[in-house]
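All values derive from a computational prediction rather than experimental measurement.
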Amino acid sequence: MIASIAITLALFAWLAVNRILFGEDAYGMHEMIRPAGKPLVLVMLLMVAWSLLVSAVYLSDWAVSIETPPDGLFDIVSLVCSRIAMIATAFIVVVMFYEVVSRYVFSRPTLWANELSLWIAGFVFLLAGQYAMQQRCHIRIYIIYDMFPRWLQKICDLISTSLICLFTFAMIYGGYNDAMRRMLRMETFGTAWDPPLPGTLKPAILIIILAVTIQAVSNLIADWNKEPGEHTPADDIDAEEIEKIKKTLGEV
């Protein structure tokens, strides 16, 4: 992981130095989304993707105390995707910080920072849904569910998972042709930087919705033989986080 990140940073530094030395003739953000015929740019993008994947796999082993441990068939994949979303969120902060400094300190605003942030945020939003499904932390109403015997709860779980599968089938059936059309022509955003947001996000919606559905089925299988759980308003209270806040404020 460290070697991959080091190589990526070295390539980035090389491109940055070339940009400073050769100005408009060097590779910039415009070329970064148009790597055809530019081997150095292509290698840079591949190294970024590889570093992101390796870092996400490494960080997926660092589960925090409030996370549900993986116990299903698809949980590891969802945890890796969640780490990609977490790293991407930090990258959005870096991009926006760069834009603020460039705009208000050097009076040289970028053409790409806002669109790059939107592009990354779209993937973060989608991957967050997959992570929420794996953690079982999406919105659920337990008032009636907890009154049922376990066999009836299993039927409810089966019905809800079936509805998720039905929704996914409808989304893929209705959106596949449009997503493929946009992806094959790499439809762009129609701005100065012109990134392929529609050409990448539209297929990603269908792919990640399918991943969420696979995770829902994995949850159903993993939870099938578990004892029924009890849910109270106290479940929403993070006692560990409250203790940390108290220590920070000096109350403990």
Side-chain angles (χ1 to χ4, degrees), residues 53 56-57 59-89 121-180 201-246:
L53 178 60
V57 172
L59 292 174
S60 66
D61 290 333
W62 292 64
V64 297
S65 59
I66 61 173
E67 281 188 313
T68 301
D71 58 359
L73 302 174
F74 200 67
D75 286 16
I76 297 299
V77 176
S78 295
L79 281 176
V80 171
C81 290
S82 74
R83 274 31 180 192
I84 292 175
M86 293 174 189
I87 296 170
T89 302
F123 286 98
V124 170
F125 178 80
L126 293 171
L127 293 173
Q130 183 179 349
Y131 179 56
M133 180 62 73
Q134 186 272 326
Q135 292 290 304
R136 291 117 167 130
C137 62
H138 49 286
I139 297 174
R140 299 178 67 182
I141 301 174
Y142 293 102
I143 296 175
I144 299 177
Y145 181 86
D146 284 345
M147 298 178 183
F148 293 158
R150 183 58 183 148
W151 65 269
L152 190 53
Q153 289 181 350
K154 289 182 177 181
I155 293 176
C156 291
D157 293 339
L158 191 60
I159 292 172
S160 63
T161 304
S162 300
L163 291 174
I164 293 173
C165 293
L166 179 62
F167 170 78
T168 301
F169 172 78
M171 284 289 293
I172 294 176
Y173 181 79
Y176 177 79
N177 290 333
D178 181 55
M180 285 296 295
L201 283 174
K202 188 62 183 255
I205 290 173
L206 301 185
I207 293 171
I208 298 176
I209 283 177
L210 179 60
V212 170
T213 304
I214 295 173
Q215 182 62 62
V217 174
S218 176
N219 289 351
L220 179 67
I221 296 171
D223 297 343
W224 190 257
N225 293 318
K226 289 183 178 179
E227 293 298 321
E230 294 183 359
H231 305 92
T232 67
D235 293 339
D236 297 327
I237 300 174
D238 188 349
E240 183 179 346
E241 187 64 25
I242 292 175
E243 289 300 318
K244 290 179 180 179
I245 294 173
K246 288 182 176 180

What is the minimum heavy-atom distance between [X] and [Y], and which atoms define it?
{"X": "Gln130", "Y": "Phe74", "answer": "NE2-CE2, 3.5 Å"}
{"X": "Ala179", "Y": "Pro203", "answer": "O-CG, 3.8 Å"}
{"X": "Ala56", "Y": "Ile87", "answer": "N-CD1, 4.2 Å"}
{"X": "Arg150", "Y": "Lys226", "answer": "NE-O, 3.2 Å"}
{"X": "Asp75", "Y": "Pro69", "answer": "OD2-O, 4.3 Å"}
{"X": "Gln134", "Y": "Pro70", "answer": "NE2-CA, 4.1 Å"}

Rounded to the nearest 0.5 Å, what's the gap from [atom1] on [X] to [atom2] on [Y]? Could you check?
{"X": "Met180", "Y": "Leu206", "atom1": "CE", "atom2": "CG", "result": "10.5 Å"}
{"X": "Cys81", "Y": "Leu53", "atom1": "SG", "atom2": "CG", "result": "9.5 Å"}
{"X": "Ser60", "Y": "Ile84", "atom1": "OG", "atom2": "CD1", "result": "9.5 Å"}
{"X": "Cys156", "Y": "Phe148", "atom1": "SG", "atom2": "CZ", "result": "5.0 Å"}
{"X": "Ile209", "Y": "Ile164", "atom1": "CD1", "atom2": "CD1", "result": "11.5 Å"}
{"X": "Leu210", "Y": "Gln215", "atom1": "CG", "atom2": "CD", "result": "12.0 Å"}

Stepwise side-chain contact (heavy atoms from CB on, under 4.5 Å) check, Ser82 with Leu79: CA-CA 5 Å; Ser82 74; Leu79 281 176; 4.3 Å; yes
With sequence neighbours excluded, residues passing side chain to side chain contact (heavy atoms under 4.5 Å, CB included) with Leu220: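 Partners of Leu220 by the side chain to side chain contact (heavy atoms under 4.5 Å, CB included) criterion, ordered by chain and then number, come out as Asp157, Leu158, Thr161, Trp224.
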Quick one: side chain to side chain contact (heavy atoms under 4.5 Å, CB included) partners of Leu201, sequence neighbours excluded?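 So Leu201 forms a side chain to side chain contact (heavy atoms under 4.5 Å, CB included) with Trp119, Phe123, Leu197.
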Partner set under side chain to side chain donor-acceptor pair (under 3.5 Å) for [X], not counting sequence neighbours:
{"X": "Thr213", "answer": "Thr168"}
{"X": "Asp178", "answer": "Arg181, Arg182, Lys202"}
{"X": "Arg136", "answer": "Asn219, Asp223"}

Contacts of type ring-ring contact (aromatic ring centres under 6.0 Å, His included), residue Phe169, not counting sequence neighbours: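 Tyr173.
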